[in-house]
Amino acid sequence: MDEHGHCKDYLKNFCDFIDGELPAELCEQLKAHLAECTNCTIILETLKRTINIYQSTAESERLPEDVHSRLLARLKLDDDWITKGS
Ligand SMILES: [Zn+2]
């Protein structure tokens, strides 16, 4: 899949997308990409679930900065997997 080259760009926006802080234009682009990219859809679902767990265990409405960083660090590990593709 040639689209995989763009995945990293979209991955960077996932946290903002979930937080509802992504600008509308980028949001639409991301949704369009998700419609075609199974990898990103899976990662987004995983990320959402992870955030839900954090939010239900911690009472804070927003993720602390270090949690964001850790999630992004994990996504970077997954980048390798995405780039290789199949
Ligand atoms: Zn993708």
Side-chain angles (χ1 to χ4, degrees):
M1 291 206 192
D2 294 331
E3 291 300 312
H4 282 180
H6 301 293
C7 286
K8 283 183 195 172
D9 293 333
Y10 290 107
L11 286 171
K12 286 185 297 193
N13 294 326
F14 276 13
C15 283
D16 285 343
F17 178 67
I18 292 169
D19 285 345
E21 291 178 356
L22 198 64
E25 193 184 333
L26 286 175
C27 200
E28 290 307 312
Q29 285 176 17
L30 179 54
K31 281 188 202 164
H33 178 72
L34 286 170
E36 301 177 338
C37 184
T38 312
N39 279 341
C40 284
T41 305
I42 291 170
I43 292 171
L44 182 64
E45 288 307 313
T46 306
L47 192 55
K48 272 188 194 167
R49 255 201 309 269
T50 308
I51 289 173
N52 279 337
I53 291 166
Y54 272 112
Q55 286 182 336
S56 56
T57 51
E59 289 181 357
S60 59
E61 292 180 5
R62 283 191 45 84
L63 286 173
E65 210 48 50
D66 68 316
V67 174
H68 261 181
S69 303
R70 260 181 278 159
L71 286 172
L72 286 174
R74 274 176 63 175
L75 286 175
K76 273 185 183 163
L77 291 178
D78 288 342
D79 271 0
D80 212 31
W81 164 67
I82 290 167
T83 309
K84 279 176 196 159
S86 52

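Just so you know, ligand 1 is whichever comes first in the structure, and atom 1 is the first atom listed for that ligand.
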Vertex the Zn ion (ligand 1), ends His33/NE2 and Cys40/SG: angle to nearest 10° comes to 100°

How large, to 10°, is the angle at the Zn ion (ligand 1) when you draw lines to SG on Cys37 and to SG on Cys7? 110°

Between Leu34 and Phe14, is a side-chain contact (heavy atoms from CB on, under 4.5 Å) present by the stated rule, with each step listed? CA-CA 11 Å; Leu34 286 170; Phe14 276 13; 4.2 Å; yes

To the nearest 0.5 Å, how far apart are CG in Leu30 and CG in Leu22? 6.5 Å

side-chain contact (heavy atoms from CB on, under 4.5 Å) partners of Lys12, counting only residues at least two apart: Asp9

Applying side-chain contact (heavy atoms from CB on, under 4.5 Å) to Glu28 and not counting sequence neighbours gives Lys31

Give a yes/no answer: is there an N/O/S atom of His6 under 2.8 Å from the Zn ion (ligand 1)?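 No - counting backbone and side chain alike, His6 has no N, O or S atom under 2.8 Å.
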
